[in-house]
J.: 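Pasting in a structure now, in structure tokens, and then I'll have a few things to ask.
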Amino acid sequence: MQLNAIENAKIDCCTKLFDEISSDKVRYHKATCYQDLLDAMTSLK
């Protein structure tokens, strides 16, 4: 997928924000598709 510079900047900002607000009990991260979300959820078990 081709993203423009503004979209890439938004993704970078979100990644930094998710890193800052994540903790030992809650982890935030990006999911580019539904399968990414499912994979993240199953890795928690």
Side-chain angles (χ1 to χ4, degrees):
M1 174 173 31
Q2 295 256 336
L3 301 175
N4 67 34
I6 293 173
E7 291 168 329
N8 284 325
K10 289 178 183 179
I11 292 169
D12 291 342
C13 286
C14 288
T15 301
K16 290 176 185 176
L17 176 65
F18 289 167
D19 288 343
E20 289 177 13
I21 64 175
S22 292
S23 68
D24 292 338
K25 295 181 180 181
V26 178
R27 181 177 162 243
Y28 295 92
H29 62 92
K30 68 178 181 178
T32 58
C33 64
Y34 187 67
Q35 188 60 50
D36 288 349
L37 178 61
L38 291 177
D39 292 344
M41 297 304 293
T42 57
S43 71
L44 297 174
K45 292 180 181 180

J.: Would you kindly confirm whether Tyr34 and Met41 end up in one hydrophobic cluster when ILVMFWY residues are joined by side chain heavy atoms under 4.5 Å apart?
T.: yes
J.: Residues two or more places apart in sequence or in another chain: which of them pass side-chain hydrogen bond (donor to acceptor under 3.5 Å, both in side chains) with Asp19?
T.: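 Checked Asp19 against side-chain hydrogen bond (donor to acceptor under 3.5 Å, both in side chains); zero matches.
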J.: Apart from Phe18 itself, what residues make up its hydrophobic cluster when side-chain heavy atoms of I, L, V, M, F, W and Y under 4.5 Å apart count as a link, directly or indirectly?
T.: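 Its cluster mates, by chain and number, are Leu17, Ile21, Val26, Tyr28.
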J.: Between atom NE2 of His29 and atom CG of Leu37, what is the distance when rounded to the nearest 0.5 Å?
T.: 7.0 Å
J.: Can you name the nearest heavy-atom pair linking Gln2 to Glu7, along with the distance?
T.: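 In this case the closest contact between Gln2 and Glu7 is O-OE1, 4.5 Å.
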J.: Can you name the closest pair of heavy atoms from Ala40 and Ser43 and give their distance?
T.: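 Where Ala40 meets Ser43 most closely, the heavy atoms are O-OG, 2.8 Å.
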